[in-house]
Amino acid sequence: MTATTPIAFDPAPRKLGVVKTYLAASAILAGQICSFAATGVSETVAPSTSSLGSPVGVALYSQATTGGVVAIAGDGSEVKVMLSADDGTADAGDWIGVSTVAGMAIVQDGAIAGDGTEAAGLFPIGQALEDISAGAATVGGKGYVRLNLQPIWTA
């Protein structure tokens with residue numbers, strides 16, 4: 001298993017739910033999952049990691065400039081995300097969460113994603129709508145997820 005190297009890709013939205021613009025705390029690539037930046041700056045996001053903070057959605061386009069504006073697809077959107085390992089797979093219906101690789105996703109056990117576990121970095125972003133096949137080399141597989149960023153599940 002090799003970790004995915006984050007790359008920009010078209011998240012190819014099939015449906016847009018909530019879309020909001022934020023400021024970029026650092027470079028953000030199209031298709032990356034984004035979270036509130038840990039710097040305490042209002043309405044500022046960065047590529048998510050399991051240690052950063054609560055996710056807000058998926059970047060609809062790249063933003064290379066710190067302080068630049070980026071549109072983020074949020075709750076109710078159906079967009080593609082990339083898995084964090086090149087041999088990672090997901091089945092339709094799997095809960096998808098934030099991984100340790102910036103902006104990338106991982107299959108997550110939905111039963112452990114209650115709001116009491118948020119500090120542990122278990123951030124759900126939604127549910128896979130289709131099977132996601134393994135990627136190749138350092139590129140993870142991509143597939144559609146319905147974004148539901150609310151921590152509503154319990155152990």
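Along the sequence shown, residues carry numbers from 1.
The closest side-chain heavy-atom distance from T49 to T100 is not below 4.5 Å. At least one side-chain heavy atom of P6 sits less than 4.5 Å from a side-chain heavy atom of V101. The shortest distance between side-chain heavy atoms of L60 and V19 falls below 4.5 Å. A 4.5 Å side-chain heavy-atom check between M82 and I7 finds at least one atom pair inside the cut-off. Side-chain contact between P55 and S35: present, with at least one pair of heavy atoms (C-beta onward) separated by less than 4.5 Å.
Panel note: side chain E130, backbone Y144; a donor-acceptor pair is recorded below 3.5 Å. A distance-only check finds no donor-acceptor pair linking the side chain of D91 to the backbone of D131 [under 3.5 Å]. Side-chain atoms of Q63 come within 3.5 Å of backbone N or O of T65 as a donor-acceptor pair. Listed for the Q32 side chain is a donor-acceptor partner under 3.5 Å among the backbone atoms of A102. Between the side chain of S77 and the backbone N or O of G17 there is at least one donor-acceptor pair closer than 3.5 Å. Of the possible donor and acceptor atoms, none in the side chain of D75 sits under 3.5 Å from a partner among the backbone N and O of V18. The main-chain N or O of L83 is found under 3.5 Å from a side-chain atom of T4 such that the two form a donor-acceptor pair.
Among the candidates V81, I33, I106, L52, the single residue satisfying the side-chain contact (heavy atoms from CB on, under 4.5 Å) test with V98 is I33.
Every residue two or more places apart in sequence or in another chain that forms a salt bridge (charged side-chain N to carboxylate O under 4.0 Å, His left out) with E43 is listed here: K20. Residues satisfying the ring-ring contact (aromatic ring centres under 6.0 Å, His included) criterion with F36, sequence neighbours excluded, are Y22.
Going from atom CD of E78 over to atom CG of L147 covers 9.0 Å, rounded to the nearest 0.5 Å. Here the straight-line distance linking atom OG1 of T44 with atom CG of L23 works out to 4.5 Å at 0.5 Å rounding.
Geometric assessment of K142 against the ring of F9 yields a positive cation-pi assignment under the 6.0 Å and 45° thresholds.
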